[in-house]
Amino acid sequence: QVHLVESGGGLVQAGESLRLSCAASGRIFSINTMGWYRQAPGKQRELVATITSGGTTGYADSVKGRFTISRDNAKNTVYLQMNSLKPDDTAVYYCNADVLSGSRWRSYWGQGTQVTVSP
């Protein structure tokens, strides 16, 4: 079975930075796209950033210029560097990965990590 575990969330003040990590483990043959999503209370889950196995990135307009997604393929880990954090960034952040396990591609989710930004 494949598991994704996020870490690095916490409580910070506006303008500060956090770095999130998400490590995939289990029966993994290959990982294609990895990404970060977030969900605030009462809101829908939204895409924050994605990165392909080749390093192509994409960002939501709300975080462009402030957040950077990266990955370490040898460690099956994706990162999200978050700078200049705003109160509107407060949410539970989830990582996602498209994983080849056995002969089947499947999308997996982590349990989420809380990011709280105080004014």
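To the nearest 0.5 Å, the span separating CZ on Phe67 from CE on Met82 amounts to 5.5 Å.
At least one donor-acceptor pair closer than 3.5 Å links the side chain of Glu6 to the backbone N or O of Cys95. Side-chain N or O atoms of Gln111 include none that pairs as donor or acceptor with a backbone N or O of Val5 at under 3.5 Å. With hydrogens and angles disregarded, no donor-acceptor distance shorter than 3.5 Å links the side chain of Arg45 to the backbone of Gln39. Side chain of Thr33 to backbone of Ile51: no donor-acceptor contact under 3.5 angstrom is found.
In this view, Asn96 and Ser107 satisfy the side-chain hydrogen bond (donor to acceptor under 3.5 Å, both in side chains) rule, not counting sequence neighbours. Scanning for salt bridge (charged side-chain N to carboxylate O under 4.0 Å, His left out) contacts around Lys64 gives Asp61, with sequence neighbours left out.
In the model, Asp72 has no side-chain atom that pairs as donor or acceptor with a side-chain atom of Thr77 under 3.5 Å.
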Hey, mind stepping through Val115 and Leu20 against side-chain contact (heavy atoms from CB on, under 4.5 Å) and telling me if it holds?
-> CA-CA 9 Å; Val115 172; Leu20 306 183; 4.1 Å; yes

For Thr68 and Leu80, what are the C-alpha separation, side-chain angles and deciding distance, and is it a side-chain contact (heavy atoms from CB on, under 4.5 Å)?
-> CA-CA 6 Å; Thr68 302; Leu80 186 68; over 6 Å; no

Report the C-alpha distance between Ile69 and Val78 in whole Å, list the side-chain angles of each, state the deciding distance to 0.1 Å, and finish with yes or no for side-chain contact (heavy atoms from CB on, under 4.5 Å).
-> CA-CA 7 Å; Ile69 188 171; Val78 63; 3.8 Å; yes

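Side-chain contact between Arg104 and Phe29: absent, with no pair of heavy atoms (C-beta onward) separated by less than 4.5 Å. In this structure the side chain of Thr116 reaches within 4.5 angstrom of the side chain of Gln114, judged on heavy atoms. Between Ile31 and Asp98, every side-chain heavy-atom pair lies at or beyond the 4.5 Å cut-off. Contact check for Arg71 versus Ser53: side-chain heavy atoms found under the 4.5 Å cut-off. The shortest side-chain heavy-atom distance between Asp89 and Arg38 falls under the 4.5 Å cut-off. The side-chain heavy atoms of Ile28 and Val2, taken from C-beta on, include a pair separated by under 4.5 Å. Residues Val48 and Tyr59 are not in side-chain contact: their nearest non-hydrogen atoms beyond the backbone lie 4.5 Å or more apart. Within the 4.5 Å cutoff, no side-chain heavy atoms of Tyr94 are placed close to those of Leu4.
Leu100 and Met34 fall into different hydrophobic clusters, where Ile, Leu, Val, Met, Phe, Trp and Tyr side chains are chained together by heavy-atom contacts under 4.5 Å. Both Val12 and Tyr93 belong to a common hydrophobic cluster when Ile, Leu, Val, Met, Phe, Trp and Tyr are linked at side-chain heavy-atom distances under 4.5 angstrom.
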